[in-house]
There are 2 protein chains.
Amino acid sequence: MPRYARPVEAPAEPRWLDDDESQSWLALAGMLVWLPDALDAQLQRDAGLSHFEYQVMAMLSMSPDRTRRMSEVAELANGSLTRLSRAVDRLSKRGWVCRRPDPTDGRYTLAVLTDAGWDKVVQTAPGHVAEVRRLVFDPLTKAQARQLSDIGARIQRAIGPRDGCAPPSSGA
Amino acid sequence: MPRYARPVEAPAEPRWLDDDESQSWLALAGMLVWLPDALDAQLQRDAGLSHFEYQVMAMLSMSPDRTRRMSEVAELANGSLTRLSRAVDRLSKRGWVCRRPDPTDGRYTLAVLTDAGWDKVVQTAPGHVAEVRRLVFDPLTKAQARQLSDIGARIQRAIGPRDGCAPPSSGA
DNA sequence: TGTGCTCACTTGACACTGCAAGCGAAGCTC
DNA sequence: GAGCTTCGCTTGCAGTGTCAAGTGAGCACA
């Protein structure tokens with residue numbers, strides 16, 4: 001395991017993790033690696049989509065007129081604008097999303113979910129939700145699920161605001 | 001937010017997430033994106049290492065003779081053999097790790113942490129642990145930290161064994 | 001009007017990753 | 001001990017991500 005307990009020759013003297021903490025961190029670190037991986041795998045297998053691409057389409061599917069500015073989509077999907085731009089390239093090629101200049105301000109670009117894109121989301125969502133349920137909520141007690149919500153919020157608050165990204169508790 | 005609540009026209013009828021679950025999932029998903037990012041950022045900034053590279057070196061620093069077979073390192077660092085091979089390429093170029101054929105079986109390759117690599121780990125560890133503490137343990141109550149350990153274990157168990165990777169609870 | 005700035009986005013260069021094919025070393029069978 | 005298979009690792013390639021530079025629309029102020 002990575003060195004989280006005190007090394008033999010420590011230069012500074014930070015507070016090393018005790019046994020409980022080490023174990024928690026180990027469990028968290030594993031989850032951090034494997035859960036996104038598992039969710040991506042399900043979407044890739046069943047829908048040919050990355051989790052990020054799915055999030056982009058799912059988000060558009062909940063927006064008025066299935067339309068939203070690129071920068072808003074990027075923020076809501078937890079991704080950079082560059083990443084979104086490339087994802088929209090891919091989704092456009094597949095006919096699920098298209099771009100359109102914002103008539104009210106030519107600097108903005110609107111991403112629009114097409115009818116085919118809507119169908120794709122409607123068809124993909126149940127399997128994805130089922131996987132989230134299977135991997136996250138089924139194994140946990142109700143109390144743990146509630147705790148998880150608080151734990152996630154606290155950790156995100158500690159990370160602090162990412163430049164240009166959603167403030168701590170905006171659900172948007 | 002992505003569509004985890006029921007869409008207007010659902011084809012199948014899975015169990016959609018209720019409000020509590022949606023909120024938990026939202027918090028978890030955000031954490032899943034931002035925590036690895038924040039940890040990587042700290043290591044990159046302070047040590048010029050990715051989290052994965054750090055894990056590789058940290059793991060070697062705890063191994064007998066600072067040496068271990070490539071395949072073992074890959075497994076312990078939660079990475080593929082390809083990924084490890086390339087990471088060791090990079091770390092070798094910087095003089096922190098070197099490869100050596102296993103004298104007992106020429107098929108294996110041993111990764112060895114050099115003296116310079118050891119120094120690098122010793123120098124990097126305190127800052128990294130401090131960041132883990134700042135982002136994870138300081139914001140949580142003791143009880144939450146303990147819960148997190150169980151939560152992580154349950155979710156990893158649900159994901160199941162990844163091919164060739166550590167079984168559920170082997171600390172190895 | 002025009003010059004220059006800012007803003008939202010895209011694009012080019014480059015880095016990292018996984019898949020699958022390739023490689024040499026071991027082991028197995030005859 | 002020749003030939004096949006298996007094993008552990010590396011490598012070519014394609015895909016996706018970031019950073020920084022580029023583009024074009026709007027805005028501000030002379």
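Numbered from 1 within each chain, the chains take letters A, B, ... in sequence-line order.
- Within the structure, a side-chain polar atom (N or O) of B/Arg83 is placed less than 4.0 Å from OP1 or OP2 of C/dT17.
- Taking atom CZ of residue B/Arg90 and atom P of nucleotide C/dA15, one finds them 11 Å apart after rounding to whole Å.
- Rounded to an integer number of Å, the gap from B/Asn78 CG to C/dG18 P is 12 Å.
- Closest-nucleotide positions on DNA chain D for B/Glu72 and A/Ala87 were compared, and the one nearer the 5' end corresponds to B/Glu72.
- Both B/Leu91 and B/Phe52 are assigned to one and the same hydrophobic cluster, defined by single-linkage of ILVMFWY side chains at heavy-atom distances under 4.5 Å.
- Contact annotation for A/Thr82: base contact, defined as any heavy-atom pair under 4.0 Å involving a base atom.
- Put simply, the side chain of B/Glu53 gets close to the backbone of B/Ser50: a donor and an acceptor are under 3.5 Å apart.
- A close approach under 4.0 Å does occur between a side-chain nitrogen or oxygen of B/Ser80 and OP1 or OP2 of C/dG18.
- Nucleic acid contact for B/Arg86: base, since at least one base atom lies under 4.0 Å from a heavy atom of the residue.
- If you chain together hydrophobic residues whose side chains sit under 4.5 Å apart, A/Leu110 and A/Leu76 never meet in one group.
- Looking at residues two or more places apart in sequence or on another chain, you find no side-chain contact (heavy atoms from CB on, under 4.5 Å) involving B/Ala27.
- Side-chain N or O atoms of A/Ser63 include one that pairs as donor or acceptor with a backbone N or O of A/Met59 at under 3.5 Å.
- Straight-line distance from the CZ atom of B/Phe52 to the P atom of C/dA15: 19 Å, rounded to whole Å.
- Atom-to-atom distance recorded for B/Lys120:NZ and B/Ser61:OG is 14.0 Å, nearest 0.5 angstrom.
- In summary, A/Asp115 and A/Arg66 engage in a salt bridge, as defined by a charged side-chain N under 4.0 Å from a carboxylate O.
- From the 5' end on, the contacts that DNA chain D makes with chain B at under 4.0 Å to a non-hydrogen atom open and close at D/dC7 to D/dC13.
- With no hydrogens or angles considered, a side-chain donor-acceptor pair links A/Gln144 and B/Asp150 at under 3.5 Å.
- Near DNA chain C, meaning a heavy atom under 4.0 Å away, the residues from residues 95-111 of chain A are A/Arg99, A/Arg107, A/Tyr108, A/Thr109.
- Between B/Leu91 atom CG and C/dC16 atom P the separation is 11 Å, expressed in whole Å.
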- [ ] Walk me through it: do A/Asp46 and A/Gln42 pass the test side-chain hydrogen bond (donor to acceptor under 3.5 Å, both in side chains)?
- [x] CA-CA 6 Å; A/Asp46 298 345; A/Gln42 180 271 324; 3.0 Å; yes

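- Separating the CG atom of B/Leu81 from the C1' atom of C/dC16 is a distance of 16 Å, rounded to the nearest angstrom.
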